[in-house]
Protein chains: 2
Amino acid sequence: MKELLGKDMRLTNQRRIILEELKSVTTHPTADEIYGMVRQKMPRISLGTVYRNLEVLSSLGLVRKLENAAGQKRFDGDVSPHHHIRCEVCGKVGDIFDAPDITGIEQGLGTDFQITGVSLEFSGICPQCQAGKKLAQ
Amino acid sequence: MKELLGKDMRLTNQRRIILEELKSVTTHPTADEIYGMVRQKMPRISLGTVYRNLEVLSSLGLVRKLENAAGQKRFDGDVSPHHHIRCEVCGKVGDIFDAPDITGIEQGLGTDFQITGVSLEFSGICPQCQAGKKLAQ
DNA sequence: TTATTTGCAAACTATTTGCAAGATT
DNA sequence: AATCTTGCAAATAGTTTGCAAATAA
């Protein structure tokens, strides 16, 4: 597990625990939520460190940063290819593993941009918000 | 043009000018950029008013709010169905009118969310940033 | 012994809000 | 008159940054 990070980059306890915690859930937590999770195991970590390390981990491709979204960024410990659905009411994010394949959809489009990626995101209402319709959590 | 807005909603000069300015460009400006544009015609308007009215106009469907994005929200005066591409370097947004149709892609997916929408967004590098590769504007 | 990383606090950016004054019906 | 809207300024939320101390190669 030593060589996961790049040259001159260390797998510190902070990084390891952030990564472990993120991989242990499927909830796509925000930086702040990750901060709360990690603090249970490492009470003196700071929010700045969490932000810095999420940035490092996502630029290394070890976690996925979900910024194609309203509001806060969220993070996903599952880097396998899949899509997301975001609750319009509470902002919670779920996974979509079985959407039709859109590979190649970016070919031959009329744009002067050099295309580097495509993102398909669904929006909807999560089960909890469907239930408690009035009091959007 | 009086009945464009809902009951008890007025088409004030501020709203009209914001709408006109936004419809006069294809650049998907940020709230701050719209503030700059509108101030040329209405120097005493405040940024808060611009934010408030962009919210009103987009909730009425008269403009489109692009929040599926990193960083700032952007606004589009063209509400016809089309997709967007965002420059990874400078954040600029372009239009994509000729992407393959993905209508119905949300049908029968394995999720407990009630699906209400789909968004396809491309990312890439705009012509200006391709040119000046070092000095990302 | 040198470069990286951390905790802390302050700074920053984008956006929202409270409120008294102004405008519209 | 009653309601909606504005300008202004202050507040808020999320994130980033500077820096001295701590840590690890």
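All values below were derived from every heavy atom in this structure, side-chain atoms included, with hydrogens, water molecules and symmetry-related copies excluded. Proteins come first, then strands; the chains are lettered A, B, ... in the order of their sequence lines, and each starts at number 1.
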Run the numbers on A:D32 and A:T30 for side chain to side chain donor-acceptor pair (under 3.5 Å), then give the verdict.
-> CA-CA 5 Å; A:D32 203 66; A:T30 62; 5.4 Å; no
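When all heavy atoms are compared, the tightest approach of B:D98 to A:G110 is OD2-N, 2.9 Å.
For the OP1/OP2 pair of D:dG7 and a distance below 4.0 Å, the side-chain nitrogens and oxygens of B:T49 include at least one atom meeting the criterion. The side chain of A:T12 contributes no N or O atom lying less than 4.0 Å from OP1 or OP2 of D:dA24. Residue A:S46 places no side-chain N or O under 4.0 Å from the OP1 or OP2 atom of C:dA9. At least one side-chain nitrogen or oxygen of B:Y51 sits closer than 4.0 Å to the OP1 or OP2 atom of C:dT15.
A:R86 contributes atom CZ, which lies 6.5 Å from atom CG of A:L66 (distance to the nearest 0.5 angstrom).
As rounded to whole Å, 17 Å separates atom P of C:dA23 from atom CG of B:L11. As rounded to whole Å, 10 Å separates atom P of D:dT5 from atom CG of B:L60. Between B:Y35 atom OH and C:dA14 atom P there is a gap of 14 Å when expressed in whole angstrom units. Summarising the geometry, the separation between CD on B:E55 and P on D:dC4 is reported as 18 Å, rounded to the nearest angstrom. Atoms CZ (A:R15) and P (C:dT4) sit 11 Å apart, rounded to a whole Å. Rounded to a whole Å, the CD atom of A:Q14 is 14 Å from the P atom of D:dA22. Across the protein-nucleic acid pair, A:Q72 atom CD and C:dT15 atom P stand 14 Å apart, rounded to whole Å. Rounded to a whole Å, the CZ atom of A:R44 is 16 Å from the P atom of D:dA21.
In terms of position along DNA chain D, the nucleotide closest to A:T30 lies nearer the 5' end than the nucleotide closest to the other residue of the pair A:T30 and A:R52. Two residues, B:G48 and B:N13, neighbour DNA chain C, and the one matched to the more 5' nucleotide by heavy-atom proximity is B:G48.
At a threshold of 4.0 angstrom between heavy atoms, the contacts of B:N53 are confined to the sugar-phosphate backbone, with no base atom among them. The residue B:L47 sits close to a base: some heavy atom pair falls under 4.0 Å.
One finds no salt bridge joining A:R74 and A:E67 here, because no Lys/Arg side-chain nitrogen approaches an Asp/Glu carboxylate oxygen to under 4.0 Å. Using a cutoff of 4.0 Å between basic side-chain nitrogens and carboxylate oxygens, A:E21 and A:K41 are scored as salt-bridged.
No hydrogens or angles were tested; on distance alone, a donor-acceptor pair under 3.5 Å links the side chain of B:R10 to the base of D:dT3.
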